[in-house]
Amino acid sequence: MIDAGTWSAPGRVNLIGDHTDYNGGFALPCALPRRTTVVARRRDDGLLRARSTGATEPLEVLLPGARGEVGGWGAYVAGVAWSLAEAGVAVPGADLEISSDVPLGAGLSSSHSLECAVALALTGLAEVEVRVPALARIVQRAENEYVGAPTGLLDQTASLASVADHLTFIDARAETARPVPCDLAAAGLELLVVDTRAAHALTDGAYGSRRDACERAAGRLGLGTLRELTDDLDVDGALARLGELDDDPEAVRRARHVITENARVLQVVELVGSGLLREVGPVLSASHASMRDDFENSVPEVDLAVETAVGAGALGARMTGGGFGGSVVALVDAALVPAVQAAVRAAYADASLAEPGFLTVVPARGAGRDA
């Protein structure tokens with residue numbers, strides 16, 4: 001019997017492919033070197049107790065709990081336990097000590113890092129192995145039905161399935177995750193993440209309205225998801241079909257982003273696989289323009305960081321994550337990283353914005369047991 005252990009899960013940065021996952025599409029994230037760690041010890045009384053270094057109030061709930069019983073940060077923990085129980089896992093009582101260095105509210109999936117680490121800790125104590133696709137679905141259900149954020153499968157899959165020094169090519173419809181070797185250092189490049197300090201949230205309705213528009217577009221076209229639109233058509237043909245939605249311009253814009261974003265993900269996978277990493281930059285910038293103009297989920301702080309980074313020499317840059325704030329990822333010559341950082345800092349100071357944060361990223365390992 002496993003009485004205690006330590007498990008951890010990383011945050012993620014999505015290189016390209018946002019809002020494609022719940023449309024059955026493609027994404028290309030990697031794990032961050034920043035992680036959430038859960039030290040877990042079995043209890044025999046059916047209680048789940050959790051303390052976090054980032055929260056003042058502890059969590060205590062009698063398992064399996066009820067949907068919506070807990071709010072705040074504890075919902076991410078209690079929601080995972082509830083979702084595991086709903087999936088038939090006999091979740092044991094446990095004491096959890098949680099710590100994390102994944103930035104909060106930065107669009108780097110701190111919540112999914114927490115949920116995945118908790119899921120691994122609880123299944124570990126239960127001595128139950130749940131494979132990645134199923135565990136990602138369980139975590140998604142906790143996020144969707146307990147926390148109330150209508151997210152897809154990108155973040156959980158990236159946290160659970162990533163491999164060090166690789167990007168993770170996700171096909172959401174097939175629920176597969178394939179590692180793609182990516183040696184940025186050999187190409188003299190770095191991924192620079194800019195935390196814009198524009199805090200984002202996925203439970204305030206803006207994310208859900210974008211998802212609703214995508215589902216509306218698919219339904220009007222007689223499709224299950226927008227991914228099906230490109231199964232038999234090329235990108236131009238798929239875009240032409242959107243003309244059938246001429247009375248719903250919002251749905252057209254949202255669907256256009258998804259269709260073109262899927263194509264951009266596939267393009268980047270091909271470029272990375274061919275060693276043409278520098279050519280990825282303009283594709284990232286095109287992705288940001290699509291999110292800004294068609295998906296309309298950017299904000300001025302993010303746009304300023306993207307424009308300034310590219311103006312200072314970045315090969316390309318885009319918002320990463322669900323949007324409405326959060327972080328920017330830029331592909332930068334290693335020698336130019338200090339200059340890009342200085343330019344973004346100066347632009348933010350000139351605009352009287354809070355000083356941004358920076359993180360250079362080497363693709364890290366995924367979630368697992370540490371001790």
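Throughout, numbering of the chain's residues begins at 1 and tracks the sequence.
Between E296 and R210, no side-chain nitrogen of the basic residue sits less than 4.0 Å from a carboxylate oxygen of the acidic one, so the salt-bridge criterion is not met. Salt bridge R51/D95: absent, no basic N to carboxylate O contact under 4.0 Å. Salt bridge D248/R254: absent, no basic N to carboxylate O contact under 4.0 Å. Using a 4.0 Å cut-off between charged nitrogen and carboxylate oxygen, R178 and D171 do not count as a salt-bridge pair. Salt-bridge check for D293 with R256: failed, with every basic side-chain N at 4.0 Å or more from each acidic carboxylate O. We find that E250 and R253 are not joined by a salt bridge, their nearest charged nitrogen and carboxylate oxygen being 4.0 Å or further apart. A salt bridge is defined here as a Lys NZ or Arg NE, NH1 or NH2 lying under 4.0 Å from an Asp or Glu carboxylate O, and E244 with R220 fails to meet this definition. Residues R211 and D21 are not paired through a salt bridge, judged by the lack of any N-O separation under 4.0 Å between the basic side chain and the carboxylate. For the pair R345 and E355, the salt-bridge criterion is met [side-chain N within less than 4.0 Å of a carboxylate O]. A salt bridge links R141 and E86; the closest N-O separation between the charged side-chain nitrogens and carboxylate oxygens is under 4.0 Å. Salt-bridge check for R41 with D3: failed, with every basic side-chain N at 4.0 Å or more from each acidic carboxylate O.
The environment of CG in D232 is sparse: at most 12 heavy-atom neighbours from other residues, nucleotides or ligands sit within 6.0 Å.
Distance CG/D155 to CZ/R12: 4.0 Å, rounded to 0.5 Å. Between the SG atom of C214 and the CZ atom of R227 there is a distance of 15.0 Å, given to the nearest 0.5 Å. To the nearest 0.5 angstrom, L120 atom CG is 8.5 Å from S8 atom OG. The distance from atom CG of L15 to atom CG of L28, rounded to the nearest 0.5 Å, is 5.5 Å. Rounding to the nearest 0.5 angstrom, the gap separating the CG atom in D101 from the CG atom in L359 is 9.5 Å. Going from atom CD of E145 over to atom OG of S83 covers 7.5 Å, rounded to the nearest 0.5 Å.
Residue L62 comes nearest to D45 through the heavy atom pair CD1-O, 4.0 Å, listed as atom of the first residue, atom of the second, then distance. Annotation for L184 and P363: closest pair CD1-CD, 4.4 Å, computed over non-hydrogen atoms. Across S100 and V102, no two heavy atoms sit closer than the pair OG-N, 3.1 Å. Of all the heavy atoms in A136 and L160, the pair that sits closest is N-CD1, 3.8 Å.
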Problem - Check against salt bridge (Lys or Arg N to Asp or Glu O under 4.0 Å), D370 and R365 - result: CA-CA 12 Å; D370 298 336; R365 65 183 175 95; 3.3 Å; yes

Exercise for the section: Using the side chain to side chain contact (heavy atoms under 4.5 Å, CB included) rule, take T168 and V163 through it: C-alpha gap first, then chi angles, then the decisive distance, then the call. Expected result: CA-CA 8 Å; T168 303; V163 176; 6.0 Å; no

Practice task
Report the C-alpha distance between I2 and R369 in whole Å, list the side-chain angles of each, state the deciding distance to 0.1 Å, and finish with yes or no for side chain to side chain contact (heavy atoms under 4.5 Å, CB included).
Solution key: CA-CA 12 Å; I2 298 175; R369 185 172 182 179; 3.9 Å; yes

Problem - Test log, rule side chain to side chain contact (heavy atoms under 4.5 Å, CB included), inputs E261 and R264 - result: CA-CA 5 Å; E261 187 79 344; R264 284 185 289 267; 2.9 Å; yes

Problem - Steps toward side chain to side chain contact (heavy atoms under 4.5 Å, CB included) verdict (W73, I98) - result: CA-CA 11 Å; W73 78 273; I98 300 167; 3.9 Å; yes

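When V235, D294, L233, T20 are each tested for a side chain to side chain contact (heavy atoms under 4.5 Å, CB included) with I259, only one passes: V235. Screening D195, V337, V194 against F358 for a side chain to side chain contact (heavy atoms under 4.5 Å, CB included) leaves a single residue, V194.
Ring orientation note: the planes of F324 and H19 are nearly perpendicular, at an angle over 60° on the 30°/60° scale.
Residues N297 and H257 bring no donor and acceptor atom of their side chains to less than 3.5 Å of each other.
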